[in-house]
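Single-structure report; data block below.
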Amino acid sequence: AGNEGVVDNLAALADIGVEYKLGYVYALLRFGRLDDASFLLHEFQGQAAEYMAPLVDVYRAWLESARGNFSRAEQVLVSCQACAAKFPEFMLVNGRVLVGQRNYYRAAQVFSTLLNQFEGFWRESKMMAEVSIRYLHCYKTAYIAYAKLFVVDAGKSDDLYKMAWVALHNDQFSEAVNAISVLKKNKWL
C-alpha cells in the first residue's frame, strides 16, 4: 500500500511470464492506472494461459467496476464464478460491485469474509468498516473491523482513532478508553 515502486518492479518482470504480467495488472488496478491495465488485459485475449483465465476475468470485472460499470462487472463475475469464486480477488471485486449497486448488507458480508480469511486486504477491510458505519449503522462490526485493521496495518493511529469513535457509539466505554490510552501513550493525540 502506498508504494508505487512495486508497479515499476512488476513492469520490469512482466515479460518473464504470465504470473508476473498478472501481478503487474493487479498493481495497476490497485493504483488506479486503468488505461494501462485495460491494455494489458486486452493482450491476454491472444495468449494461451487458460489456467489463469479466471483471474484475468476477475481483473476485467475489477476494471469495469473501477470505471463505474457495475452491471457489466457483475456479468463478468457471474461468467467466471465457477472457477474463481474462492479467489480473494473475486471477493474483493464482488464487494466493490455490491457497494456500487448499493447492496450494502451483502457487501459487508463479503468484506467480512475477506477480512477474516485474507487479512492482507486492508483497503477492503476499511471499506467494510465504512459500509458498516455509514450504511448499516452496525458499530459492533465496524469496531471488530478496525481492531483487526489495527493489527494488520501495523498499529496505525488512524485505525485507533476510529476504533475509539466507534466504541463510543457502541456504548463500549472501556474499549474507547483503552484505544485512547494507547493513542496517548504513543503521543498520537
Side-chain angles (χ1 to χ4, degrees), residues 1-11 23-34 36-37 58-59 61-63 65-68 70 73 86-189:
N3 183 2
E4 292 222 27
V6 113
V7 176
D8 298 331
N9 292 341
L10 287 164
Y24 181 38
V25 171
Y26 176 84
L28 290 171
L29 288 167
R30 270 282 181 202
F31 288 104
R33 292 169 54 179
L34 304 182
D36 295 335
V58 169
Y59 290 169
W62 190 342
L63 181 66
S65 71
R67 289 180 169 162
F70 300 111
K86 295 204 189 265
F87 290 0
E89 293 89 348
F90 181 92
M91 286 187 276
L92 180 155
V93 177
N94 190 26
R96 287 170 177 253
V97 168
L98 289 164
V99 168
Q101 293 175 336
R102 295 186 164 97
N103 191 344
Y104 303 118
Y105 180 74
R106 183 72 191 109
Q109 288 178 320
V110 171
F111 289 139
S112 176
T113 304
L114 196 58
L115 176 62
N116 290 326
Q117 292 181 6
F118 306 97
E119 295 194 48
F121 287 103
W122 63 272
R123 277 189 191 147
E124 285 63 39
S125 300
K126 284 190 183 222
M127 284 175 72
M128 189 207 92
E130 294 293 321
V131 164
S132 296
I133 294 169
R134 199 170 289 171
Y135 303 110
L136 302 178
H137 308 292
C138 183
Y139 296 102
K140 194 173 281 189
T141 305
Y143 181 82
I144 293 166
Y146 282 123
K148 286 192 173 198
L149 282 167
F150 183 70
V151 175
V152 171
D153 214 5
K156 294 272 174 72
S157 59
D158 186 48
D159 298 327
L160 260 184
Y161 281 119
K162 288 181 179 167
M163 273 173 71
W165 181 82
V166 169
L168 285 173
H169 280 274
N170 204 28
D171 294 332
Q172 293 176 307
F173 300 112
S174 62
E175 295 295 333
V177 168
N178 288 342
I180 291 168
S181 67
V182 173
L183 284 164
K184 212 170 164 186
K185 180 181 171 187
N186 290 297
K187 297 183 174 131
W188 288 336
L189 284 172

Which heavy-atom pair separates K86 from M91 by the least distance, and what is that distance?
O-CE, 4.5 Å

Hits for ring-ring contact (aromatic ring centres under 6.0 Å, His included) against Y104, two or more places apart or cross-chain, chain-then-number order -> Y135

Separation between OH (Y161) and CD1 (I180), nearest 0.5 Å, reads 10.0 Å

What is the minimum heavy-atom distance between A73 and S65, and which atoms define it?
CB-N, 3.8 Å

Of the options L29, V97, V25, which is the one that meets W62 in a side chain to side chain contact (heavy atoms under 4.5 Å, CB included)?
L29

To the closest 0.5 Å, what do you measure between CZ (R30) and CG (L92)?
5.5 Å

Can you name the residues that form a side-chain contact (heavy atoms from CB on, under 4.5 Å) with A107, not counting sequence neighbours?
L98, V99, F111

For residues A179 and A164, report the shortest heavy-atom separation together with the two atoms involved.
CB-CB, 3.9 Å

